[in-house]
Asks: 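Input: one structure, supplied below.
Just so we're clear, the structure is a prediction, and the values are computed from it rather than from any experiment.
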Amino acid sequence: MFTDSWRNMAKGEIAPVYLVSGPEMYFFDETEKRLKDAMPDAAASELTTFDLDETPVEAVIEEADTFPFFCDRKLIIARNASFLKAADKAKEKVEHDLDRLMDWLAHPPESAVVLFLAPYEKLDARKKVVKAFRKHAVCMEAEPLKTHDVETWVKQEASRLGSGVTESAVRLLIETAGEDLVRLRSELEKLALYAGEGRDIGEDTVSLLVAKTPEDDAFKLLDAYMQGDSSRALTIYRDLLQNKEEPIRLNALLANQVRLMIQVNALKKKGYQQHQIAKQLKVHPYRVKLILENRKLADDARLLITLSRLADADLRLKTVSGNRERVLELVLMQKVSETK
């Protein structure tokens, strides 16, 4: 849907009203950018932005109904259309005349283009105003891409930036930066600039330029520990200490990861698929994917032993003075007991 709409914008076939909804912010930013590119005169002289958490929607309607002075069509961006989702009216700061909005949607003026942005996971399909948008506006749902589609998108985006990218670099980039398209685009721009036009982005370049998060390192640290590779686990841990990471924070990250692995195990046994597990646990699908693809994933008994040790370490880190770095180090030196 986005591809078709963006293509139409580039050809000058621009609808009077658009609605973008969903959790993936890349599609919001890109749709706004493409509209501005397709309407350069309006973007320069007839662009108005509203925050619907602060301003009633009637102000958007009045602005759209006012004839533009400097070009044929004005561009209006209405952010945070929270009245489209299920919400507690008592908590809403602004009252919107939704009846007037629905009447206006049926006959929008040709002299304005209005982009409504609703960055929420789900709209309330029961609401009349949502039905009116779906009937009269171009509606686009900004859903996160599946992992395979993210890989394809990375290759296409690298090509658009004038660079190629190796398969191993694609995997490492997603593993390190996650599947958030806004961050991936930012990282790709940096990588393409470093590699140079017409040259491939390789795994070494990704390792050099893409910053790892503490969560990434915690996952690798736990993976090494669960596989019985104490030497690698201690090396990762000491590197993190050199980077000024606090043992108490690292211990908490490890405990959270173990809990997530236990929960993923439980839902997998119930027959849940990757996207269902991610939705149920409210975590990024890529974190679930990494756990499910790890064939050496420890069984629940070993995970519970590890969680117990981390709980003991957490208590010592919070109550004992002295060399705190040593507390978690001693845990990492212990072997996880095998179960039959």
Asks: Let me check something: do V94 and F50 share a hydrophobic cluster, defined by ILVMFWY side-chain heavy atoms less than 4.5 Å apart, either directly or through other members?
Replies: no
Asks: Would a 4.5 Å heavy-atom cut-off, applied to side chains only, mark N251 and V331 as touching?
Replies: no
Asks: E245 versus D239: any side-chain heavy-atom pair under 4.5 Å?
Replies: no
Asks: Nearest 0.5 angstrom please: R73 CZ to D41 CG, how far?
Replies: 13.0 Å
Asks: Judged by atom type as modelled, is there a donor-acceptor pair below 3.5 Å linking the side chain of K93 to the main-chain atoms of E54?
Replies: no
Asks: Taking atom CG of D149 as the centre, report whether more than 12 heavy atoms of other residues, nucleotides or ligands fall under 6.0 Å from it.
Replies: yes
Asks: Do the side chains of R232 and T235 get nearer than 4.5 Å, heavy atoms only?
Replies: no
Asks: Could you go through E329 and R238, starting from their C-alpha distance and side-chain angles, then the distance that decides it, and tell me whether this counts as salt bridge (charged side-chain N to carboxylate O under 4.0 Å, His left out)?
Replies: CA-CA 9 Å; E329 188 176 78; R238 287 162 185 161; 3.1 Å; yes
Asks: Under 4.0 Å between a Lys/Arg side-chain N and an Asp/Glu carboxylate O for K155 and E167?
Replies: yes
Asks: Indicate, with yes or no, if F28 and V182 share a hydrophobic cluster defined by side-chain heavy-atom contacts under 4.5 Å among Ile, Leu, Val, Met, Phe, Trp and Tyr.
Replies: yes
Asks: For the side chain of T152 and the backbone of H148, is there at least one donor-acceptor N/O pair under 3.5 Å apart?
Replies: yes
Asks: Only one of V17, V138, L123 passes side chain to side chain contact (heavy atoms under 4.5 Å, CB included) with F133; say which it is.
Replies: V17
Asks: Between K190 and L209, is there a donor-acceptor pair closer than 3.5 Å when you use the side chain of the first and the backbone of the second?
Replies: yes
Asks: Tell me whether R79 contacts the main-chain N or O of T49 through its side chain, where contact means a donor paired with an acceptor under 3.5 Å.
Replies: no
Asks: Which heavy atom in V165 sits nearest to a heavy atom in D200, and how many Å separate them?
Replies: N-OD1, 4.0 Å
Asks: K74 and I76: which non-hydrogen atoms are nearest, and at how many Å?
Replies: CD-CD1, 4.0 Å
Asks: How many angstroms lie between atom CH2 of W6 and atom CE of M140, to the nearest 0.5 angstrom?
Replies: 8.5 Å
Asks: What about L241 and L317, same hydrophobic cluster or not, with Ile/Leu/Val/Met/Phe/Trp/Tyr joined at side-chain heavy-atom distances under 4.5 Å?
Replies: no
Asks: Indicate yes or no: does K269 engage D300 in a salt bridge with an N to O separation below 4.0 Å.
Replies: yes
Asks: Can you tell me how far the CG atom of L328 sits from the CG atom of L221, to the nearest 0.5 Å?
Replies: 7.0 Å
Asks: Where the side chain of H96 meets the backbone of L101, is there a donor-acceptor pair that is under 3.5 Å apart?
Replies: no
Asks: Show the numbers, then the answer: is there a salt bridge (charged side-chain N to carboxylate O under 4.0 Å, His left out) between R171 and E175?
Replies: CA-CA 6 Å; R171 288 192 295 271; E175 180 181 331; over 6 Å; no
Asks: Quick one: are E63 and V60 in side-chain contact, heavy atoms under 4.5 Å?
Replies: no
Asks: Main chain of E325, side chain of Y237: is a donor-acceptor contact present, judged purely on distance under 3.5 Å?
Replies: yes
Asks: Quick check for you: to the nearest 0.5 Å, what is the distance between I277 atom CD1 and L292 atom CG?
Replies: 5.0 Å
Asks: List the steps and the verdict of salt bridge (charged side-chain N to carboxylate O under 4.0 Å, His left out) for E246 and R324.
Replies: CA-CA 9 Å; E246 289 291 332; R324 293 189 173 187; 5.7 Å; no
Asks: Please name the pair of heavy atoms, one in K318 and one in I248, separated by the smallest distance, quoted to 0.1 Å.
Replies: CG-CD1, 3.5 Å
Asks: Looking at D124 and R126, would you say the former's side chain and the latter's main chain have a donor-acceptor pair under 3.5 Å?
Replies: yes
Asks: Any Lys/Arg nitrogen of R316 or D312 sitting under 4.0 Å from an Asp/Glu carboxylate oxygen of the other?
Replies: no
Asks: Is any side-chain heavy atom of L52 less than 4.5 Å from a side-chain heavy atom of S82?
Replies: no
Asks: Would Y18 and M9 satisfy side-chain contact (heavy atoms from CB on, under 4.5 Å), going step by step from the backbone distance to the final call?
Replies: CA-CA 11 Å; Y18 293 91; M9 290 175 191; 3.7 Å; yes
Asks: For V130 and L84, work out which heavy atoms get closest and say how close.
Replies: CG2-O, 3.4 Å
Asks: What I'd like to find out is whether the side chain of L172 reaches to under 4.5 Å of the side chain of S207, using heavy atoms alone.
Replies: yes
Asks: What about I174 and V288, same hydrophobic cluster or not, with Ile/Leu/Val/Met/Phe/Trp/Tyr joined at side-chain heavy-atom distances under 4.5 Å?
Replies: yes
Asks: Below 4.0 angstrom, N of the basic side chain to O of the carboxylate: do D37 and R34 qualify?
Replies: no
Asks: In a table with atom names and distances, give each donor-acceptor pair under 3.5 Å that connects a side chain of residues 104-121 to protein atoms at least two apart or in another chain.
Replies:
residue: W104; atom: NE1; partner: D65; partner atom: OD1; Å: 3.1

Asks: Determine whether W153 and Y26 make a side-chain contact, defined as any pair of heavy atoms from C-beta on separated by less than 4.5 Å.
Replies: yes
Asks: Apply side-chain contact (heavy atoms from CB on, under 4.5 Å) to the pair L184 and E157, showing each step before the final yes or no.
Replies: CA-CA 9 Å; L184 284 173; E157 190 68 9; over 6 Å; no
Asks: Do S308 side-chain atoms and L304 backbone N/O form a donor-acceptor pair below 3.5 Å?
Replies: no
Asks: What are the two closest heavy atoms between A142 and F27, and how far apart are they?
Replies: CB-CB, 3.7 Å
Asks: Run the side-chain contact (heavy atoms from CB on, under 4.5 Å) check on E30 and L181 step by step: do they pass?
Replies: CA-CA 10 Å; E30 192 67 15; L181 299 186; over 6 Å; no
Asks: What closest approach, in Å, do M333 and S230 show between heavy atoms, and which atom pair accounts for it?
Replies: O-OG, 4.1 Å
Asks: Name the one of E32, K36, E46 that satisfies side chain to side chain contact (heavy atoms under 4.5 Å, CB included) with L75?
Replies: K36
Asks: Enter the distance from I291:CD1 to F219:CZ here, rounded to the nearest 0.5 Å.
Replies: 6.0 Å
Asks: Going by an N to O cut-off under 4.0 Å, is there a salt bridge joining R183 and D180?
Replies: no
Asks: For E95, look at atom CD and say whether over 12 heavy atoms of other residues, nucleotides or ligands are found less than 6.0 Å away.
Replies: no
Asks: Taking a hydrophobic cluster as the set of Ile, Leu, Val, Met, Phe, Trp and Tyr residues connected by side-chain heavy atoms closer than 4.5 Å, whether directly or through intermediates, do I236 and L332 fall within one such cluster?
Replies: yes
Asks: Mind checking the OG1-CD1 spacing from T306 to I262? Nearest 0.5 Å is all I need.
Replies: 8.5 Å
Asks: Would you say L208 and Y194 make side-chain contact, with heavy atoms under 4.5 Å?
Replies: yes
Asks: Going through the distances and angles, do Q156 and R160 end up as a side-chain contact (heavy atoms from CB on, under 4.5 Å)?
Replies: CA-CA 6 Å; Q156 292 173 344; R160 187 186 67 79; over 6 Å; no
